[in-house]
**Q** 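Just passing along the structure, written as structure tokens.
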Amino acid sequence: MNKNVQYRMAIEGMTCTDCEHHVITALESEGAVDVHANFRRGEAIFWAPDNLSKDAVFRAVEDVGYHSQDLQVVPPSEEQADAYKMTIEGMTCNDCEVHVTRALESAGATRVVADFRRGEARFWAVPGFSEEKARAKVKQAGYRPVTIQHISSSLVTPYARQGMTAYDLVVIGSGSAAFAAAIEARRVGARVAMVERGTIGGTCVNVGCVPSKTLLRAGDLHHWTVSNPFHGLRTSAAEPDLATLVKQKDQLVTTLRQKKYEDLLPEYDITMIPGEAHFVDEERLAVGDRILTADRYLIATGARPRIPAISGLHSIDYLTSTTALNVTNRPSHLIVIGSGYIALELGQLFRDWGSQVTLMQRGPELMPGYDLEVRTVIRAMLMDAGIEVLTGVTYQRVEQVGTDKAVYVTLSGTSRVVSGDALLIAAGRDPNTEELQLEAAGVQWGSQGAPQVDPTLRTTNPRIYAAGDVTLGPQFVYVAAYEGKMAARNALGVHKPARSVDLSVVPMVTFTHPAIASVGLTEEAAGQRGLRVKSSVLPLEAVTRALVNRETQGVFKMVADENTGRIRGVQIVAENAGDVIYAAQLAVKFGLTIEDLNDTLAPYLTMAEGLKLTALTFDQDVAKLSCCAG
């Protein structure tokens with residue numbers, strides 16, 4: 001009876017990932033399975049019966065335009081391999097790790113995990129492996145091997161291959177969660193493919209964080225030029241040239257997409273497969289005409305703007321958080337449906353450009369995730385900027401009336417029509433799962449289409465995980481990256497047992513001016529959990545940095561355990577609140593107390609000093625203290 005063995009074929013002529021796909025298809029046509037082609041190494045590794053016809057596979061590869069040079073049976077090394085650790089001097093970055101990995105692989109090492117921070121590489125090798133050759137290869141790569149030693153296999157955690165599949169992990173999507181997962185999987189030696197139906201990079205770099213924040217910075221500068229608070233400065237600004245700003249924004253996006261996403265594919269040897277993906281069954285994924293098999297799959301397809309069910313909305317042109325970033329003609333009056341962080345940021349941006357802006361929402365409270373003292377400041381901030389805020393509205397319909405969009409609403413029992421020449425929909429996000437055919441894979445989903453996951457990010461199919469915005473958790477790029485890494489580790493068995501994600505301490509920032517930030521529990525949320533807490537509220541005018549800036553609209557609020565003084569949460573409305581909140585996150589995450597903060601040294605004339613002043617306010621009136629006293 002024939003048995004399957006592993007082969008390595010040397011191939012000339014492959015120059016890109018498309019070439020790899022051609023070779024894989026050719027070899028599969030001759031009965032090969034678990035095919036992994038690598039154009040950089042000029043080889044393909046696969047499994048096939050031990051009576052494989054060498055001539056047949058050579059012809060198959062020749063027929064698709066490449067030249068087969070050699071075919072060898074790979075020794076059954078997995079059971080016989082020994083674990084090694086090499087200490088190495090000279091590695092300073094991730095690039096160095098890649099160079100060392102390739103050097104050791106060229107010496108016959110497998111499952112190499114290099115770590116520049118520890119100055120070491122761990123790997124496996126079969127009996128007969130030449131330590132001197134490994135040293136020489138590393139030295140040729142520009143680094144200095146110091147020691148090499150056998151180690152216990154329990155100290156090395158490469159991915160243990162589960163079966164004869166083409167990949168160990170296939171990631172659907174190419175945003176922050178997807179790349180974090182793919183890179184983490186490659187670090188432990190897994191074979192990774194990434195599937196993308198559109199533009200590589202996902203929401204953040206293309207249509208989210210990066211483009212919005214660079215435009216917000218431009219809007220902020222324009223705002224202060226028009227209305228700076230210093231009497232001795234006579235500044236003015238012309239009408240903003242939105243077309244030029246959008247062009248500059250696009251250039252930044254292109255640059256960062258190349259450096260932070262496209263360039264990383266070859267760096268980590270991640271196979272990119274373009275096309276629309278859908279599950280064929282519980283074990284296979286289709287991309288166009290191609291069927292992929294993997295030990296594990298990760299759904300990281302992100303989310304898109306949610307369009308509410310309002311009569312007439314689909315018959316008119318409207319903006320979303322994506323298209324609003326490409327507006328080149330300033331609207332006279334922008335109506336915004338929704339008033340979350342995206343609505344506030346974009347609403348204030350267009351107000352800075354000079355547009356009249358109306359924010360409206362169904363709920364009775366603006367930014368309900370914050371405590372009353374903070375919500376009050378936020379509302380006043382928007383109204384002082386000339387932004388109309390309507391809460392508690394009921395939408396009746398939307399119509400095009402001439403050049404205007406007319407939104408018919410009921411407010412406090414009275415009918416009203418709000419008209420403007422532009423309408424922005426910023427009413428939440430929907431997961432991108434409609435084409436995945438989750439039912440074929442046995443993956444259950446919620447009412448909005450998000451795949452259901454357990455605390456380890458595993459779906460109802462144990463082979464399939466999900467991470468990032470598609471799960472409808474906190475819609476932040478840093479959360480997506482964290483979840484992607486955790487999902488990869490859990491899916492590949494790096495964590496044993498699998499670890500649960502911890503989103504109990506997630507910092508949140510809204511990039512308005514002043515900025516809004518929070519971390520941990522609000523006083524209202526703590527009360528709902530039955531926790532006994534106390535709070536301290538510090539008006540921004542008590543922070544000297546705000547006084548010298550001549551911008552005192554804002555507030556700090558801190559929530560602490562009533563008995564122990566442990567910091568439970570912080571909310572801030574102030575310039576640079578997004579920078580300050582990171583320090584607050586450390587306090588919440590690591591259980592610091594009011595006394596701990598009071599005992600720290602806070603740099604004077606920084607906004608971060610507001611954290612210490614708020615902690616001091618629990619026990620004293622900081623208005624009666626001299627500068628830095630306390």
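What you see is a predicted model, and the numbers here were worked out from it, not measured in a lab.
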**Q** Identify the two heavy atoms, one from Leu611 and one from Ala584, that lie closest to each other, and give their separation to 0.1 Å.
**A**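 That would be CD1-N, 3.9 Å.
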**Q** Considering only heavy atoms from C-beta outward, does the side chain of Arg568 approach that of Arg529 to under 4.5 Å?
**A**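 Side chain of Arg568 against side chain of Arg529, heavy atoms only: no contact under 4.5 Å found.
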**Q** Can you tell me if Thr391 uses its side chain to pair, donor with acceptor, with the backbone of Leu366 under 3.5 Å?
**A**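 The answer is no, because no donor-acceptor pair under 3.5 Å joins these two groups.
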**Q** Do any N or O atoms from the side chain of Tyr370 and from the backbone of Thr376 form a donor-acceptor pair under 3.5 angstrom?
**A**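 No, Tyr370 side chain to Thr376 backbone: no donor-acceptor pair under 3.5 Å.
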**Q** Please determine if Arg397 forms a cation-pi arrangement with Tyr408, meaning its NZ or CZ atom is less than 6.0 Å from the six-membered ring centre and no more than 45° off the ring axis.
**A**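 Yes; both conditions hold, so Arg397 lies above the ring face of Tyr408.
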**Q** Side chains of Glu439 and Trp445: does their closest heavy-atom pair fall under 4.5 Å?
**A**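 Touching, per the 4.5 Å side-chain cut-off.
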**Q** Using modelled atom types and a 3.5 Å cut-off, is there a donor and acceptor pairing between side-chain atoms of His222 and backbone atoms of Glu239?
**A**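 Not at all, since once roles are kept as given, no pair shorter than 3.5 Å links the two residues.
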**Q** For Tyr341 and Phe476, take the angle between the two ring planes, folded into 0 to 90°, and tell me which bin it lands in: parallel under 30, tilted 30 to 60, perpendicular over 60.
**A**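 Ring orientation, 0 to 90° scale: tilted.
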**Q** Count the heavy atoms of every other residue, nucleotide or ligand shown that sit under 6.0 Å from OH of Tyr478, and state whether that count exceeds 12.
**A**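 Correct, the count exceeds 12.
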**Q** If only atom types and distance count, is the side chain of Asp371 paired as donor or acceptor with the main-chain N or O of Val374 below 3.5 Å?
**A**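 Not a single qualifying donor-acceptor pair exists.
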**Q** Are Thr459 and Asn461 close enough that a side-chain donor and a side-chain acceptor fall under 3.5 Å?
**A**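 Checked: Thr459/Asn461 side chains show no N/O donor-acceptor pair below 3.5 Å.
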**Q** Could you tell me whether a side-chain N or O of Asn490 sits under 3.5 Å from a main-chain N or O of Ala498, the two making a donor and an acceptor?
**A**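 Side chain of Asn490 to backbone of Ala498, a donor-acceptor pair under 3.5 Å: no, none is there.
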**Q** When you measure from the side chain of Thr471 to the backbone N and O of Ala467, does any donor-acceptor pair fall under 3.5 Å?
**A**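 No, because the side chain of Thr471 does not come within donor-acceptor range (under 3.5 Å) of the backbone of Ala467.
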**Q** Taking the six-membered ring for Trp, are His314 and Tyr318 parallel (under 30°), tilted (30 to 60°) or perpendicular (over 60°)?
**A**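 Aromatic pair His314/Tyr318 classed perpendicular.
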**Q** What class does the angle between the rings of Phe179 and Tyr261 fall in, given that below 30° is parallel, 30 to 60° is tilted and above 60° is perpendicular?
**A**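 It falls in the perpendicular class, over 60°.
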**Q** Quick one about Gln444 and Thr460 (side-chain donor to acceptor, distance below 3.5 Å, no hydrogens or angles considered), yes or no?
**A**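 Short answer, no.
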**Q** Just do the salt bridge (charged side-chain N to carboxylate O under 4.0 Å, His left out) check on Lys247 and Asp250 with the steps written out, would you?
**A** CA-CA 5 Å; Lys247 181 179 179 180; Asp250 290 341; over 6 Å; no
**Q** Please enumerate all residues that pass side chain to side chain contact (heavy atoms under 4.5 Å, CB included) together with Glu196, with sequence neighbours excluded.
**A**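 With sequence neighbours excluded, Glu196 shows a side chain to side chain contact (heavy atoms under 4.5 Å, CB included) to Ser174, Met272, given in chain and number order.
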**Q** Judged by atom type as modelled, is there a donor-acceptor pair below 3.5 Å linking the side chain of Glu399 to the main-chain atoms of Ala406?
**A**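 Looks like no, no N/O pair under 3.5 Å.
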**Q** Any side-chain to backbone donor/acceptor pair from Asp421 onto Ser332? Under 3.5 Å, distance only.
**A**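 Yes, the answer is positive, given that a donor and an acceptor are paired below the 3.5 Å cut-off.
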**Q** Okay, side chain of Arg351, backbone of Ile387: is any donor-acceptor separation there less than 3.5 Å?
**A**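 Flag not set: sc Arg351 to bb Ile387 has no pair under 3.5 Å.
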**Q** Taking the side chain as every heavy atom from C-beta outward, state whether Ile307 and Thr320 have any pair of such atoms under 4.5 Å apart.
**A**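 Yes. Closest side-chain heavy atoms under 4.5 Å.
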**Q** Can you give me the closest heavy-atom contact between Gly468 and Glu483, atom names plus distance?
**A**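 Nearest heavy atoms, Gly468 then Glu483: N-OE1, 2.8 Å.
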**Q** For residues His333 and Thr358, is any side-chain donor paired with an opposing acceptor at under 3.5 Å?
**A**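 His333 vs Thr358: donor-acceptor pair found between side chains.
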**Q** Between Gln400 and Gly402, is there a donor-acceptor pair closer than 3.5 Å when you use the side chain of the first and the backbone of the second?
**A**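 Checked: pair present.
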**Q** Going by the side chain to side chain donor-acceptor pair (under 3.5 Å) test, which pairs reach into residues 204-215, not counting sequence neighbours?
**A**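 Listed once each, the pairs are Asn206-Arg257, Lys213-Glu345.
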